[in-house]
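Presented below is the structure to which this report refers.
We're numbering straight along the sequence, starting at 1. Keep in mind that what you see is a predicted model, and the values were worked out from it rather than measured.
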Amino acid sequence: MRLDRRQSVKIIFVVIGLILTSFYLPEIQAQRYRQYYEPQPNGPIDSEFFFVRLQYSSSTRSRGGGAWLTDWPDAEMHLLPGIDRLTRVATGPAGRIVNLRSDELMDYPWLYAVEVGQWYLNDMEAARLREYLDRGGFLMVDDFWGAREWSIFTESMMKVFPDRPVVELGEEHPLLHVLYDLDQRTQIPGRGGNRYNTTPHWRGIFDEEDRLLVAINFNMDMGDAWEHADDPWYPEPMTALAYRFAVNYVIYSMTH
C-alpha cells in the first residue's frame with residue numbers, strides 16, 4: 001500500500017513530535033515539580049492551614065532528596081483541594097517543606113512525616129521537635145511497616161519523649177470522631193498492597209493534659225492513597241477513607 005503525500009507529511013510530523021517529546025518531557029516534568037514546590041523559602045503565611053512536610057535526617061536509604069520526599073508532591077497536590085472542598089478551612093495553595101533547624105518550624109501547627117521507619121533524629125533535631133510539640137504543634141507520621149521500621153521510629157522518638165509512652169488510640173478517641181466517624185479501623189494500603197501481611201495500628205503520644213501530640217499511622221500508607229487519588233487502579237474507597245482521616249487530623253490539630 002502506497003501512502004499519498006499528505007499521509008507521508010502527517011507521519012513525518014508525528015515522528016518528529018515523538019522525538020521532541022522524548023527529549024523534552026523529562027524536563028517538562030522536572031519544571032512542574034520545581035514550580036510546585038522545590039525546597040526554598042516558603043514565603044508569607046496567608047492561610048489557615050498548610051500541608052507542611054517535615055524534612056529529616058535519614059537513617060538508611062536516600063530517595064532523591066531523602067525518604068521524607070516519598071509521594072511528593074502529588075500527595076499534597078491532591079489532598080489540599082480535597083480539604084478545601086470537604087471543610088471550611090482555608091488551605092494554602094501548595095505544600096511546604098520545613099526542617100527541624102528552620103526558624104519557620106514554629107510558624108506551622110501541623111507537620112507530616114513520611115517513611116519514619118527510615119528516619120534518624122540527632123540530639124538537636126530531637127530537642128527541636130520536642131520544643132515544637134510542647135508549644136502546641138501536631139505531628140502526623142505515616143507509611144512505615146513491620147517490626148524493624150517500628151524500632152527505628154521509636155529509637156528517635158525516645159530521644160524526643162523519653163518520658164512519654166506510645167499508646168493505642170481507643171475507638172472513642174476524638175481524633176476518630178472530630179468530623180468523620182472512623183472507628184472501623186480499615187487498613188489503608190500502599191501502592192504495593194499490605195506489606196508483610198501486617199496489622200494496622202492507630203497510635204499516639206500525649207501530653208500531660210491528654211492532648212494528642214503525635215498521631216502514628218503504623219502499617220498503612222495514607223500518602224499513597226492521596227498521591228494516587230486520580231489513578232484508576234488504586235481503590236477509590238481507600239482514597240476516600242484516607243481523605244477523611246486527613247480531614248480529622250487537620251480539624252483535631254486546629255481545635256485541641
Ring centres of Trp202 and His173 under 6.0 Å apart?
no

Could you tell me the separation between the CE atom of Met140 and the CZ atom of Phe51, rounded to the nearest 0.5 Å?
7.5 Å

Please find the pair of heavy atoms, one from Gln187 and one from Met220, that lie closest to each other, and give the distance.
CG-CB, 4.4 Å

Would you call Phe153 and Val141 a side-chain contact if the rule is heavy atoms closer than 4.5 Å?
yes

Got Met254 and Pro109 here, is their nearest side-chain heavy-atom distance under 4.5 Å?
no

Sub-4.5 Å side-chain heavy-atom contact between Ile188 and Thr239
no

Within the 3.5 Å criterion, strictly below it, is a donor on His78 or Glu227 matched to an acceptor on the partner's side chain?
no

As an exercise, state the distance from CG of Leu105 to CG of Leu111, rounded to the nearest 0.5 Å.
6.0 Å

Interatomic spacing from CG in Asp71 to CG in Asp143 - rounded to 0.5 Å:
6.0 Å

Is it the case that Glu48 and Thr91 place a side-chain donor and acceptor less than 3.5 Å from each other?
no

Does any part of the side chain of Phe245, heavy atoms only, come nearer than 4.5 Å to the side chain of Met222, both counted from C-beta?
yes

Which word best sums up how the rings of Phe218 and Phe144 line up, parallel for under 30°, tilted for 30 to 60°, or perpendicular for over 60°?
tilted

Hey, could you give me the CG/CG distance between Leu129 and Leu139, rounded to the nearest 0.5 Å?
6.0 Å

Separation between CZ (Phe49) and CG (Asp84), nearest 0.5 Å, reads 11.0 Å

Side chains of Ile83 and Val250: closer than 4.5 Å at any heavy-atom pair?
yes

Is there side-chain contact between Tyr112 and Val52, with heavy atoms separated by less than 4.5 Å?
no

Please find the pair of heavy atoms, one from Asn219 and one from His201, that lie closest to each other, and give the distance.
ND2-CD2, 4.1 Å

Return the CG to CG distance between Leu182 and Asn248, rounded to the nearest 0.5 Å.
5.0 Å

Is the ring pair His228/Trp233 parallel, tilted or perpendicular, if the boundaries are 30 and 60 degrees?
tilted

Salt-bridge present (Glu171, Arg185; N to O < 4.0 Å)
no

Using the ring of each side chain (for Trp, its six-membered ring), is His256 parallel, tilted or perpendicular to Tyr252, with breaks at 30° and 60°?
parallel

Carboxylate-amine/guanidinium contact Asp163 Arg130, below 4.0 Å
yes

Charged N to carboxylate O below 4.0 Å: is that the case for Glu76 and Arg96?
no

Could you walk me through whether Arg128 and Glu131 pass salt bridge (Lys or Arg N to Asp or Glu O under 4.0 Å), step by step?
CA-CA 5 Å; Arg128 285 282 287 168; Glu131 179 187 4; 3.6 Å; yes

